[in-house]
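Because the structure is predicted, anything quoted here is derived from the model rather than measured. Order of the sequence lines fixes the chain letters, A, B, ..., with proteins taken first and strands second; residue numbering starts at 1 for each chain.
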Protein chains: 2
Amino acid sequence: MIAGARYRSRVIRVLLAEDQAMVREALATLLGLEDDIEVAVQAPNGAGLVELAREHAVDVALLDIEMPGRGGIEAAGDLTASGLGVKVVILTTFGRPGYLRRAMEAGASAFLVKDAPAAQLADAVRKVLAGERVIDPALAAEALAGGANPLTARERDVLRAAADGAATNADIAQLLHLSQGTVRNYLSLAIQKTGARNRAEAARAARDKGWL
Amino acid sequence: MIAGARYRSRVIRVLLAEDQAMVREALATLLGLEDDIEVAVQAPNGAGLVELAREHAVDVALLDIEMPGRGGIEAAGDLTASGLGVKVVILTTFGRPGYLRRAMEAGASAFLVKDAPAAQLADAVRKVLAGERVIDPALAAEALAGGANPLTARERDVLRAAADGAATNADIAQLLHLSQGTVRNYLSLAIQKTGARNRAEAARAARDKGWL
DNA sequence: ACTTCTGCATGACAGATGTCACGGCCCGCG
DNA sequence: CGCGGGCCGTGACATCTGTCATGCAGAAGT
């Protein structure tokens, strides 16, 4: 095979991580129809992707953002830190500015919402491999205008616990090994920083911005 | 074309409703690869599906359960009531017993969770057209054992309002034109019927069972 | 007619939530 | 070194939430 021909017919090897099997397989099928893209490996979540990427000589990783156990952003961090040079595309249902920021910080090269046309998926794969970035300009502007997440780590922990199902302050205190007074303080601060009236509203606001 | 050959090579015309464009197009592509299935029309939500089904001579409708505006179960009801004889397959992220019950009540012939392998999708389409039902036995058992939704219509309204973002009793009262005392009463009843400790837990429990 | 059910409301009260003040400890930075 | 920020906790207090008792109105059924 001569070098010129190889360069033009290079097949991009893709790793696809998405917890819903039906959606994952459908996306793999869609990508598999592209002449220059091959889905080399699929995974149900973000765990162990560095090993998979290495084994399968993956060029681009397509990671769903919310998966049980290890999510897309954490997995992006793993892949970036691995030094394998795998390009990362994050897929998400909701275009939350905080998610975008965290994805970029984790080393992702693209951020796609599932509302986008399917054609953008293969495009994004090609672009990131070519060294480009793929981000919705409006979302980028929102993320940049929105400022950093104002919640401290502990405020975030407490608010996330509330958002994830801890029904009472006693639940949260037990979960995080804090006193109830401390829980109330952290929640109060989180409520103020999110401009909310109570924990439910604060959790919703923080989640919508991708702060949790 | 002779009758026998036509019967064996019959192409099933499918309507696919799913709000996330990328997922919808991927699923359409996947189904389009089947020799006997054609995705005749796609829709981003459950509105106006009766007209679409009629125009496109649809045999089977694949409806995502949660879509903005009119959802899958409502659309299933529309299609069933239309008398067009369209078979309905409901697609859902969460296999909630209450959702299964409501889908069946709305006339659906199949209920598939997105965690299932993609192969089950085409299978389900063929089976429902052949007059069969496609339901996970474990989920059916759970729905049958779980009993009916114990919440009255008004309790459901109030709990749904809380679950959907009304942050305070005052918000709910205003939204539903009730006094705050009445809101507190209905929530209290809903909390008890769901075996929860507060509204957050009640909303989660009711949602998990598909009662909202 | 009476009964039952649902929806709605008031009132009293206990417990949970949220706010604020305050203080101690540790760490990093200039 | 001092300072600021984050973490953690206590205490006081106002407000919100949740429970319970009670009663009224309307509709449907017997």
Colleague: From the 5' end of DNA chain D to its 3' end, which nucleotides mark the outer limits of contact with chain B, defined by a 4.0 Å heavy-atom distance cut-off (strictly under)?
Modeller: D:dT17 to D:dA21
Colleague: Give a yes or no on whether a salt bridge exists between A:Arg54 and A:Glu51, defined as a side-chain N under 4.0 angstrom from a carboxylate O.
Modeller: yes
Colleague: At a heavy-atom distance below 4.0 Å, what parts of residues 203-212 of chain A sit against DNA chain C?
Modeller: none
Colleague: Quick one: side-chain hydrogen bond (donor to acceptor under 3.5 Å, both in side chains) partners of B:Glu18, sequence neighbours excluded?
Modeller: B:Lys114
Colleague: Only counting residues at least two apart or in another chain, list the ones meeting salt bridge (Lys or Arg N to Asp or Glu O under 4.0 Å) with B:Lys193.
Modeller: B:Glu155
Colleague: Identify, with sequence neighbours excluded, every residue that meets side-chain hydrogen bond (donor to acceptor under 3.5 Å, both in side chains) alongside B:Arg154.
Modeller: B:Asp157
Colleague: Which residues pass the salt bridge (Lys or Arg N to Asp or Glu O under 4.0 Å) test with B:Arg133, not counting sequence neighbours?
Modeller: none
Colleague: Charged N to carboxylate O below 4.0 Å: is that the case for B:Arg24 and B:Asp19?
Modeller: no
Colleague: Identify, with sequence neighbours excluded, every residue that meets salt bridge (Lys or Arg N to Asp or Glu O under 4.0 Å) alongside B:Lys87.
Modeller: none
Colleague: Considering residues at least two apart in sequence or located in another chain, which fulfil the salt bridge (Lys or Arg N to Asp or Glu O under 4.0 Å) criterion with B:Glu74?
Modeller: none
Colleague: So what is the end-to-end bend of the helix from C:dA1-D:dT30 to C:dG30-D:dC1, with 5 pairs used at each end and the value given to 10 degrees?
Modeller: 30°
Colleague: Sequence neighbours excluded and cut-off under 3.5 Å, please list the side-chain donor-acceptor pairs for residues 205-212 of chain B, or say none.
Modeller:
residue  : atom : partner  : partner atom : Å
B:Arg207 : NH2  : B:Asp164 : OD1          : 2.9

Colleague: Compile the donor-acceptor pairs under 3.5 Å between side chains in residues 174-181 of chain A and protein atoms, sequence neighbours left out, one pair per line.
Modeller:
residue  : atom : partner  : partner atom : Å
A:Ser179 : OG   : A:Gly181 : N            : 3.4
A:Ser179 : OG   : A:Thr182 : N            : 3.1
A:Ser179 : OG   : A:Thr182 : OG1          : 3.0

Colleague: For a quick check, with a 4.0 angstrom heavy-atom cut-off, what is the B/S/- contact string for nucleotides 9-19 of chain C, read 5' to 3'?
Modeller: BB-B----SBB
Colleague: If you round to the nearest 0.5 Å, how far is CE of B:Met22 from OG1 of A:Thr93?
Modeller: 10.5 Å
Colleague: In plain terms, say whether B:Glu132 and B:Arg126 are close enough for a salt bridge, that is, a side-chain N and a carboxylate O under 4.0 Å apart.
Modeller: no
